Amino acid sequence: MSAASWAVEKRPTLVKVGRWVGWIGIIAVGLYLPQAFPPFRVGQFNTIMAYGLAALGLALLTGFNGQISIGHGAFFGIGAYTTVIIVGDHPEFPWLATTAVGALLAFAVGIVVGLPALRIRGLYLGVVTLALALLFRQALEKYSDLTGGSQGRGVPRGQKFSAPDWTGLANDQWRYYVIFVIVVGCLVLSRNIVKSRMGRAAVAIRDNETAAEVLGVNVARTKVLMFGVSAMLAGIGGSLLVIGSPIPRVSANSFTIVLSITFLVALVVGGATSILGPIIGAAFVVLLPEVVPHEQQVLTPVILGAVLIALMLVAPDGVVGLSRRSASWAWRMLARAADTGPDTGLETGDSSKEQLQLDSRES
Amino acid sequence: MSLLEVSGLHAAYGPVRVLHGLDFVVDEGEIVVILGANGAGKTTTLRSLSGTIPVDGEVRFDGAPIAGRKPEDIVRLGMAHVPQGRGTFMDLSVDDNLRLGGYTRPVSEVEEDKAHWYEVFPRLAERRDQAAGSMSGGEQQMLAVARALMCRPRLLLCDEPSLGLAPLVVREVFERLAEVNQRSGTAVLLVEQNANLALGIASRAYVLENGSIVMSGSADELSEDEAIRRAYLGM
Amino acid sequence: MELFLQRLIDGLAVGAIYASLALGLVIIYRSSGLINFAQGEMAMFTTYLAWMLVDNGLSVWLATSAAMVFGFVLGVLVERLLIAQFSGPKESPLAIVIVTIGLFLFFNGLAPWIWGTEGKSFPNLFGTGSVDLGGVTIKVQTLGIVGVLLAEVVLFYLMFQHTKLGLSLRAVASNRESSRLVGLRVGSILAVGWGIAAMVGALSGTFVASRIDLTQNLMQVVLIYAFAAATLGGFDSPVGAVVGGIIIGVVEQMAQYVDLFDGFTLLPVFLLILVVLLVRPQGLFGRAEVSRV
Amino acid sequence: MTRPNKRHPLTLVAMFALVALIAAACGGRDDDTTTGGGGDGEDGGGEALVADPADCEIYDGEAGVTEDTIKIGTSAPISGAVAAFGKPLAGMRAYIDYINAQGGVDGRQIELIAEDDQYDPNLTLQNVQKLVEEDNVFALVGVIGTPNNLAIRDYLAENCVPSLAVATGSPKWGDVENYPWMIGGLPSYAAEATLFAEYLKENQPDAKVAVIFQNDDFGKPYVEAFKNAIEGTDIEIVGEESYDIAGQADTTAQVTTLADTDADAFLVAATTTCPNILGQMPDDWEPTTYVSIVCTSRTLMALAGDAAIGAYSARATLDPADPANAEDEGIAFFLEEGPKYGLTEEDLGNLNVAIGWSWGEWFVDMLEESPALTRADVMNTAWAQQDQHFGVLLPEVLVNTNGVEDPWAIEQLQLIRWDGQAWVPEGEVVSFEGETNTFADPTA
């Protein structure tokens, strides 16, 4: 038996092993990063992870459930403001507890926003959530006594999330590791949700709401819960953004609709139907400005827009989908070389099946 | 030369092959029925004729090859398709539906034809300003047929007009089809499960199973055939 | 009372602008069932083109007309080159939402690159005079914009109900496959729909630019209110867009009576559309979804 | 089928354990938390330093300075919604190119690294960290935006990095006690609001004032300061309306409401919305109108058309676009040298570009005056300015600072009036020297 045909035969096992190796590799690299980079880079990785969580929330909502939100910046903001306000007023309050509070608040608001989403379907939901993003920004300015408005609000000077002595870590490294663990936890949680009954129900709703209903899926409950969970992830991300910063501070100017759009870009770049994709997408949006030449920075949004359009044309399932498809293609080539493999022609469809779909009024 | 000549027609949805080389003809002015069970490939056959799905094989309409052409061009050649589920413009009025049927014709003809078909289908005339979606299934089926006829086709493709209709209404629809065929000389290619009524108005028939034609003959011959009687006529 | 009347009239004026952009959104929605998030940015872009012409000495009216032509071409190009790529099996409204958001970023970034970041001033189409009616001042500009809006509505009504183009636009929106089966060239019709929408957008862009300075942000906020107007009125109803626009304009003005809404103008608008959508998901004038059998 | 969700609590626990292990194994970073407060705080030499390196855990006084270069940085909105605010950068760049062409500062070429923050304070902080930690810049200059500077000032104070000519007028820059490493490059908004209050006291002592303000970091302190200034006078605010710049296309409702009060003075604390506001004023309402200094651009005034005629504002600088100013030394220099260093025709007519140019000049002056090229020396030089004049400042405007006592650089303003074509000066230049911090509490 040739190596190729062996590989083809063992494909399922290999894929599984490969996946584990991949995950362990990612975690290992993730753990090593703060050892290799200066504090400001480590802070940037924190931003990537925080944005990544918001994009992950969008993936659950959009990629796996077919609902759209152009307002996730608001949920992200809820998390961020919760942390700053609580720690600002009660410096003794543990930082990570504020993340939990922020997550719960975002979840609750997500449920409230998700409720009308039951009736306001598809594209209408896009419009309503877009309005929500702007509304949040206005509320920050309107209630600036609490939020600091556009001037912003910080915690008492010097107060920051610092490393306990026993760790022997620098503050930035400590922040990074804590956030890293939470993010990995959220990734595992999301993966489990997707594989759970609820996740399958969500996908069924995305693909055909009426059919899902006929099959006995509780459409209303699933959609509202997905909205809540999605908002919660964004809320955690927002809180982590603050915790991960050497100068914990928020300003209304950071929570414009541009932020919500940024999350969408991250989602699309990474791949809407993957768990790791949103983090990759977040890395893209955070690091892109650095690769744009300084003289051409005015063009950053143009590049973002062009990338978004190009991706939808050539790889609507994002970077992760693209790699899935090329892996699948490689397997087929291997199978052909081995000439023993089963016809995998149908299997290659599995990533394209997961392209973006949306329950729209006219579908 | 027949009006429609099909040979070696293949079609597939993605990797799933549905039609495996059909050969059949429809002559000028006749009614031909293709019988087949659910999933036999009846709808696919019609869709491949009208250009809504890509095909392999040869399709000649009035001598000209049309395989691979777009539906909007094929309709201009004189082949109209009443799709499964009727394809009415639900939120448009009956009158607008008919006007759209005559989209490829000059305006003067459209008014004339509309008047004509309102005469043939008086129920449509009564409902001319009503949204098509608000009518009963039978009325919508009539509308779909009338709309298809508005382009003055030489061949009318009809996809299971009996689907979802009460038996009495089905009977009326078939009567109308026969009437239209006689009055205007439009050839009709009908796909049906309801063999009883279809064979009643058709001159010839084909039987489609799993994407292949397994039997053909005159309508009378087939209605006598033992296998057909058992499979499609419920006897 | 005078204050109340003044606010009503002001609301009408602002609402007319929202309505005007909302009309463009409705046209696209009607023909393709899509929402164009780049509608405002395309209008901003064509307004810059109009500004260039004015800057080179062309009259405002001619420049505005030229901008409308540009708009039409831009709309057709966007539909043919991008949106049309997503028809057929790959069709997904969400993909198109994201493409239009991409276009939003694209145009929003391109404009300052071409024309700089400094605001430009765009002349007023109707001059600066005003009419006094028993203590209530009405600007000639207001009358002009409302007049143009009414003309737009009448023209659109005639086009949709009484022309072959209008009929085919409605048909394509209603059932794309059947449209092809009766011989409509769906692609071209959709492109024309986008063209008309962008043309209307170009007009509203010049209206807005005559009131605030022309920057790449010209239409962003207006677009949100136009969305609200279309949502309120029903995305498939031109009449709804106009009524929705006027209502939102008036609500925005009247909200000044309530302290809660001071500096928080989106709240009443947001609450309003939320309530309307909950009670009538298709909007005030929208047609309810006809169930398919 | 497996039931992976059952595994998840365990996975999490395992993950925590793993991280704890690895983190402990890896250990901390050597170069980060160097212990020992103080550094080598000897540079300044003086006793009572305003900017004292002893306040910092780590002090790297000569960062970014080599034999032949000085690296400096800035962060500004180069792209994004308010990229227009980034205009001064062009002027600053041009001036630095000019000075480099003249041989630089003490033979050192200045290298300016500008990062884009899209006006998002989070990005500003990231940019500044990058500039300080990776690019190793000596100082920052002309960082734009109130929220943006607020986001970085703790960082600057902790790391003892000077930020000169901070590009906003927020009263907060007067808080030198807590933040000695930054100095403002514009007059305080509070000083401006006070100027208008002073004018009213003199000319309309019982004025009824209508106020419209942007409900943000610009408008709010502006109105606060105005209220402080009229306290105890007969001037009364009869109407107060705010609007949200990001969520509102139109301010008609607010203006209509204010017009209804029949106020005889109108304070417009707005930025780009000024023309809209002026244009919405009904013809029969003719109050004494004051627009903020940021509205004095010709584009904005032109947009407002006739409605703007007679409006008051203030200035501390000369407008390069006004031919009447062509004789001024600073303006002439800017117009002559600017184009040689990349400024376009449009840039030359832009007041903000001219202001950026001026900051460049001021910054270079401070470098040259500094006893040594260390961060503390340069910063303390900024805190001890005497009758300094630079760029396109009005000839009468002289910069005097004295650390905590007098932290404001630009404290002279002149009232001006729009005649439909140009701004015409109204009266003499008013000096608030040393008083700015009394107009608004910088620590509020």
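Quick caveat: nothing in here was measured; it's all calculated off a predicted structure. In what follows, chains carry the letters A, B, and so on, assigned in the order in which the sequence lines appear, proteins first and then strands, with residues in each chain numbered from 1.
- Proximity of Val75(B) to Val182(C): side-chain heavy atoms (C-beta onward) are nowhere separated by under 4.5 Å.
- With a 4.5 Å cut-off on non-hydrogen atoms, Arg76(B) touches chain C through its side chain but not through its backbone.
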When the side chains of residues 168-177 of chain B are checked against the rest of the protein, which donor-acceptor pairs come out under 3.5 Å, sequence neighbours left out?
{"from": "Glu172(B)", "atom 1": "OE1", "to": "Arg123(B)", "atom 2": "NH2", "distance (Å)": "3.1"}
{"from": "Glu172(B)", "atom 1": "OE2", "to": "Arg123(B)", "atom 2": "NH2", "distance (Å)": "3.3"}
{"from": "Arg176(B)", "atom 1": "NH1", "to": "Val120(B)", "atom 2": "O", "distance (Å)": "2.8"}

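- Here the closest non-hydrogen pair linking Thr163(C) and Arg99(B) is O-NH2, 4.3 Å.
- When all heavy atoms are compared, the tightest approach of Thr104(B) to Gly183(C) is CG2-CA, 4.0 Å.
- Closest heavy-atom contact between Pro71(B) and Leu181(C): CB-CD2, 4.3 Å.
- Between atom CD of residue Glu177(C) and atom OG of residue Ser50(B) there is a gap of 7.5 Å, rounded to the nearest 0.5 Å.
- Applying the side-chain hydrogen bond (donor to acceptor under 3.5 Å, both in side chains) test to pairs two or more places apart or on separate chains, those with a residue in residues 64-74 of chain B are Glu72(B)-Arg180(C), Asp73(B)-Arg185(C).
- At a 4.5 Å heavy-atom cutoff, the contact between Arg47(B) and chain C is made by side-chain atoms alone.
- Of the inter-residue distances, the one linking Leu167(C) atom CG with Leu92(B) atom CG reads 6.5 Å to the nearest 0.5 angstrom.
- Taking Leu100(B), Asn97(B), Thr88(B) one by one and counting their heavy-atom pairs under 4.5 Å with chain C, the maximum is reached by Leu100(B).
- Of all heavy-atom pairs spanning Ser179(C) and Phe89(B), the tightest one is OG-CE2, 3.3 Å.
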